[in-house]
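Throughout, protein chains are lettered first and strands after them, A, B, ... in sequence-line order, and every chain is numbered starting at 1.
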Protein chains: 2
Amino acid sequence: MLEKTRRAQRRQDTSNEIKAVARRHMQTQGAGALSLRAIAAEMQMTAPAIYRYFQNRDALITALIVDAFSALAQALEAARAAHSSASPVQRLLAVLLAYRAWAVEHPTDFQLIYGTPIPGYEAPRDVTVPAVVRGFSVIVGLIDEVLQIVQPPAPYNTLPPALRAQFEALIARDGYPISVLAFYLGVIGWTQLHGIIMLELFGHLPPVVGDSEGFYHAQVVNMMRTMGIEP
Amino acid sequence: MLEKTRRAQRRQDTSNEIKAVARRHMQTQGAGALSLRAIAAEMQMTAPAIYRYFQNRDALITALIVDAFSALAQALEAARAAHSSASPVQRLLAVLLAYRAWAVEHPTDFQLIYGTPIPGYEAPRDVTVPAVVRGFSVIVGLIDEVLQIVQPPAPYNTLPPALRAQFEALIARDGYPISVLAFYLGVIGWTQLHGIIMLELFGHLPPVVGDSEGFYHAQVVNMMRTMGIEP
DNA sequence: ATAAACAGTTTACGGTGTTTACTTTTGTTT
DNA sequence: AAACAAAAGTAAACACCGTAAACTGTTTAT
């Protein structure tokens, strides 16, 4: 077990500072507008120096995406922990509300994860998939808990055979300790709530519904009710 | 009433060609990656010549967005017309399927409309709102028709007072000849289906559900059922 | 002490949007 | 047909961008 050398520590610090500055630039300028030269200038360095820390611009963005995924998952886990004494249903509700809350508080990070970050850029799957799994498993885990108590009505009590096979394979691959139905309801809920959040972040929803937070909350409750989960 | 002069006609042609080339570049290269120089080169012009037709790059993109909105609305109207002899419920189903179909066939245009097209760029509201209204009114119009026949169950038979006031104002402003409840269900459906489409376009859904089209179709049916509309 | 690894700079290349000044083309008017 | 004004397009320049290569100094390990 080696002690971290002075240089290794400084290297870590510089790397983190680059990401921090990049994240800050993103927030004010927009997702894809970050410039290595601008980042370097703010750090009193020259642009090529950044290449000592990230292979290229895409690699830096990938690192930011991983951090964002991780932060989102942490936010969900924190919400779950904060309501550990509540009922599973209430805990699920709290986590779903935390999902949007994080997105609204970190819009550029959310767009980085789920939007189109860069022109020709696509984040490497082998690094994003585990990150997605971590956050997603918080939600489906709670759904699985809830399903111990309640039973969803039609059409959410059965799932198409093709989906069943697909989901069983994923559950086995990613090691979710949950039922297929919980996974199914999780995916459905994910897509429904995601639509609201994306439309809100891109400014399409607010002019229609006014109070986006209230609308989201109401829709979460509506969705849970259609699934037989009464909050 | 003046006839269009020869020069005005040629100007229109060139302007259209610029947009066409830009759209094609977008499809292969990505949404925000289009380059005025590349467009000009393909047209055997120099980049500054484009400034005779569009004030700058953002203006060109705005024009593309307007065209995309218009094309989407046309696709929905075409779907409605193609099923004019079917029942309102079947017509609604067809239009909702056409919504995703257009998005999948024109992914970059869809992202242009609903994604974050450019770093600091945001499309001017006064030009996007009317374009949104045209497409949206096709959907809510059909929902209104359907609601003449069926009555949705809870929780979709009532809407929060705040939303009622908001929607009534919008219905009056944009001249939708429909009921508040139809508007409400339209917004809910819009957000739900939008989530599926966005996740599919950005590549997050396919690895989870496999057959995205099948999943979308099933979810449209599920949603209609929860709203009391049996397809 | 000395060699290797590392962090950073300088320089350079090809690309971008955009502005300015100039030239060519086009259509109309005398 | 000649002259002219408007429009369309070009060339050069500016200020950026990502990134590759060569080079300089510092830190670490042997």
Requested in this report: Check every strand shown and say whether B:L34 touches a base, only sugar-phosphate, or nothing at a heavy-atom separation below 4.0 Å.
Outcome: sugar-phosphate
Query raised in the report: Should B:R7 be listed as having a side-chain N or O under 4.0 Å from OP1 or OP2 of C:dG27?
Result: no
Query raised in the report: What nucleic acid atoms does B:I39 come within less than 4.0 Å of, heavy atoms only: base, sugar-phosphate, or nothing?
Result: nothing
Requested in this report: Just call it for A:T46: base, sugar-phosphate, or nothing, with non-hydrogen atoms closer than 4.0 Å on any strand.
Outcome: base
Query raised in the report: In whole angstrom, what separates A:L60's CG from D:dC17's C1'?
Result: 15 Å
Query raised in the report: Taking atom types as modelled, is there a side-chain donor on B:H106 or B:Q27 under 3.5 Å from an acceptor on the other?
Result: no
Query raised in the report: Quick one: does B:Q192's side chain get under 4.5 Å of B:Q219's, heavy atoms only?
Result: no
Query - Side chain of B:A47 (C-beta onward), nearest among C:dT18, C:dG8, D:dA8 - result: C:dT18
Query raised in the report: Among the nucleotides D:dG9, C:dT18, D:dT19, which one has an atom lying closest to any side-chain atom of B:Y51?
Result: C:dT18
Query raised in the report: Within a radius of less than 6.0 Å around CZ of A:R24, do more than 12 heavy atoms belonging to other residues, nucleotides or ligands occur?
Result: yes
Query raised in the report: How is B:Q55 classified with respect to the nucleic acid when contacts are heavy atoms under 4.0 Å: base, sugar-phosphate, or nothing?
Result: nothing
Requested in this report: Report the distance from atom NE2 of A:H25 to atom P of D:dC17, rounded to the nearest whole Å.
Outcome: 11 Å
Report task. Please check if the side chain of A:R100 supplies one atom and the backbone of A:H194 the other of a donor-acceptor pair under 3.5 Å. Result -> no
Report summary line: Assert: residue with more 5' nearest nucleotide on DNA chain D, out of A:S35 and A:R52, is A:S35
Query raised in the report: Any idea which of D:dT19, D:dC17, D:dC23 is nearest the A:L36 side chain?
Result: D:dT19
Query raised in the report: Between D:dA7 atom P and B:D13 atom CG, what is the distance in whole Å?
Result: 18 Å
Report task. Name the closest nucleotide to the A:P48 side chain, picking from C:dT10, D:dG9, C:dT20. Result -> C:dT10
Query - Nearest to side-chain heavy atoms of B:A49, which nucleotide of D:dT10, D:dG18, C:dA7 - result: D:dT10
Query raised in the report: Reckon A:Y53 touches a base, only the sugar-phosphate, or nothing at all at heavy-atom distances under 4.0 Å?
Result: sugar-phosphate
**Report entry** Value in whole Å for how far the P atom of D:dG9 lies from CD of B:Q44
**Finding:** 13 Å
Query raised in the report: Can you check whether B:V138's main-chain N or O pairs, donor with acceptor, with B:E77's side chain at less than 3.5 Å?
Result: no
Report task. Starting from P on C:dA7, measure out to CZ on A:F54 and report it in whole angstrom. Result -> 12 Å
Requested in this report: Could you tell me whether A:F183 and A:Y176 have their ring centroids closer than 6.0 angstrom?
Outcome: yes
Report task. Write down the distance between CG (A:N56) and C1' (D:dA20), rounded to a whole number of angstrom. Result -> 12 Å
Report task. Would you kindly give the CE-to-P distance between A:M45 and C:dC6, to the nearest whole Å? Result -> 17 Å
Report summary line: Rounded to whole Å, CD1 of A:I50 lies from P of D:dG18 at a distance of 8 Å
**Report entry** From D:dT10, C:dT16, D:dT19, nucleotide with atom closest to B:R37 side chain
**Finding:** C:dT16
Query raised in the report: At under 4.0 Å, does any side-chain N or O of A:R11 touch on OP1 or OP2 of C:dC6?
Result: no
